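Small disclaimer: the values here were computed from a predicted structure and weren't measured.
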Amino acid sequence: MTTMQIQFCDDPKKIKIAELQTLFNLCAFWAQGRTQEGLEIAIANSNPVISVWESDRLIGFSRATTDCVYRATIWDVVVHPDFQGRGLGKELMRQLIKKLRSEDISNVTLFADPQVVEFYKGLGFMPDPEGIKGMFWYPD
């Protein structure tokens with residue numbers, strides 16, 4: 001019997017952008033078409049970035065953007081389909097929030113597709129706790 005070696009990492013320099021792009025294309029319909037250049041820029045401007053590895057294979061990824069004082073927004077939480085259902089997504093979120101809380105950030109937001117709302121509710125997130133509806137601006 002082989003034991004899997006799963007490790008979490010908070011060093012974004014370990015991530016090979018082509019590998020991340022493949023992970024997104026495999027398990028995130030909302031991330032299709034992201035370029036390697038765009039992913040490099042997104043990671044460089046994110047804090048924290050947490051990744052999950054099976055040996056040297058990238059199997060999970062999450063990131064947040066923050067003002068480093070009051071607020072943060074979590075983006076791009078993905079786990080390879082072969083590894084879903086093992087608690088890795090929950091652990092990714094736990095580590096991301098722990099890192100944000102270590103900076104005293106108390107307001108953490110995220111955007112969730114309908115099929116994952118229950119997952120985030122199970123982690124303590126609430127939809128519109130103050131009845132505030134998000135607003136978006138898109139170029140014409």
Side-chain angles (χ1 to χ4, degrees):
M1 185 168 137
T2 307
T3 305
M4 280 193 317
Q5 194 66 8
I6 303 291
Q7 296 179 327
F8 289 79
C9 178
D10 64 359
D11 182 1
K13 293 178 184 135
K14 181 177 180 179
I15 298 167
K16 294 181 179 89
I17 298 301
E19 229 180 322
L20 179 59
Q21 188 179 39
T22 299
L23 182 64
F24 276 137
N25 287 338
L26 181 63
C27 55
F29 72 88
W30 41 263
Q32 301 301 303
R34 290 186 179 180
T35 65
Q36 289 186 19
E37 179 183 36
L39 289 170
E40 287 174 2
I41 293 168
I43 291 172
N45 289 287
S46 297
N47 178 35
V49 173
I50 309 285
S51 53
V52 186
W53 301 83
E54 178 198 33
S55 299
D56 62 351
R57 178 183 177 199
L58 179 66
I59 60 169
F61 174 84
S62 64
R63 69 184 181 98
T65 53
T66 176
D67 61 13
C68 298
V69 131
Y70 303 113
R71 292 179 164 75
T73 301
I74 295 173
W75 308 99
D76 300 339
V77 179
V78 293
V79 174
H80 190 287
D82 292 347
F83 295 86
Q84 291 177 4
R86 301 180 189 187
L88 297 177
K90 288 178 185 173
E91 183 61 19
L92 265 172
M93 290 295 294
R94 190 190 72 71
Q95 288 195 24
L96 207 56
I97 291 168
K98 181 179 178 183
K99 188 87 166 162
L100 293 168
R101 291 294 299 134
S102 74
E103 297 177 16
D104 289 329
I105 294 168
S106 60
N107 186 323
V108 180
T109 60
L110 57 80
F111 297 92
D113 291 313
Q115 65 269 26
V116 294
V117 167
E118 291 305 314
F119 169 77
Y120 291 114
K121 280 183 179 180
L123 297 171
F125 283 85
M126 299 172 277
D128 295 326
E130 296 177 17
I132 300 168
K133 300 294 180 195
M135 298 178 72
F136 300 86
W137 178 89
Y138 294 102
D140 294 333

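- Annotation: side chain of Leu92 is in contact with side chain of Val52 (closest heavy-atom distance under 4.5 Å).
- Rounded to the nearest 0.5 Å, atoms CD1 (Ile41) and OG1 (Thr35) are 7.0 Å apart.
- Listed for the Glu19 side chain is no donor-acceptor partner under 3.5 Å among the backbone atoms of Arg57.
- For the side chain to side chain contact (heavy atoms under 4.5 Å, CB included) with Leu110, the qualifying choice from Ile74, Val77, Asp76 is Ile74, the only one to do so.
- With contacts defined as side-chain heavy-atom distances shorter than 4.5 Å, the pair Cys68/Glu103 qualifies.
- Ser51 and Trp53 form a side-chain donor-acceptor contact under 3.5 Å, judged by distance and modelled atom types alone.
- Atom CG of Asp56 sits in a sparse spot, with 12 or fewer heavy atoms from other residues, nucleotides or ligands closer than 6.0 Å.
- In terms of heavy atoms, Ala42 sits closest to Ser46 at O-OG, 2.6 Å.
- Applying side chain to side chain contact (heavy atoms under 4.5 Å, CB included) to Ile59 and the options Arg86, Glu54, Gln84 leaves one that passes, Glu54.
- The distance from atom NZ of Lys14 to atom CG of Leu58, rounded to the nearest 0.5 Å, is 9.0 Å.
- Between Gln95 and the options Lys98, Lys99, Glu91, a side-chain hydrogen bond (donor to acceptor under 3.5 Å, both in side chains) holds for only Glu91.
- Side-chain contact between Pro48 and Asp10 is absent, with no heavy atoms from C-beta onward closer than 4.5 Å.
- Counting non-hydrogen atoms of other residues, nucleotides and ligands closer than 6.0 Å to CD of Glu37 gives a total of 12 or fewer.
- At least one side-chain heavy atom of His80 sits under 4.5 Å from a side-chain heavy atom of Leu26.
- Heavy atoms from other residues, nucleotides or ligands lying under 6.0 Å from OH of Tyr70 number 12 at most.
- Phe24 and Gln32 get closest at one heavy-atom pair: O-NE2, 3.2 Å.
- Here the shortest heavy-atom pairing between Ala112 and Tyr120 reads CB-CD1, 3.7 Å.
- Within 6.0 Å of the CZ atom in Arg71, the count of heavy atoms belonging to other residues, nucleotides or ligands does not exceed 12.
- In this structure the side chain of Ile43 reaches within 4.5 angstrom of the side chain of Ile17, judged on heavy atoms.
- In this structure, the side chain of Asp11 engages the main chain of Lys13 through a donor-acceptor pair within 3.5 Å.
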Assess whether side chain to side chain contact (heavy atoms under 4.5 Å, CB included) is satisfied between Ser55 and Gln7, documenting all intermediate values. CA-CA 8 Å; Ser55 299; Gln7 296 179 327; over 6 Å; no
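- Pairing each heavy atom of Ala72 with each of Thr66, the nearest pair is CB-CB, 3.7 Å.
- Proximity of Phe125 to Val117: side-chain heavy atoms (C-beta onward) are nowhere separated by under 4.5 Å.
- Atom CD1 of Ile50 is separated from atom CD1 of Ile97 by 11.0 Å, given to the nearest 0.5 angstrom.
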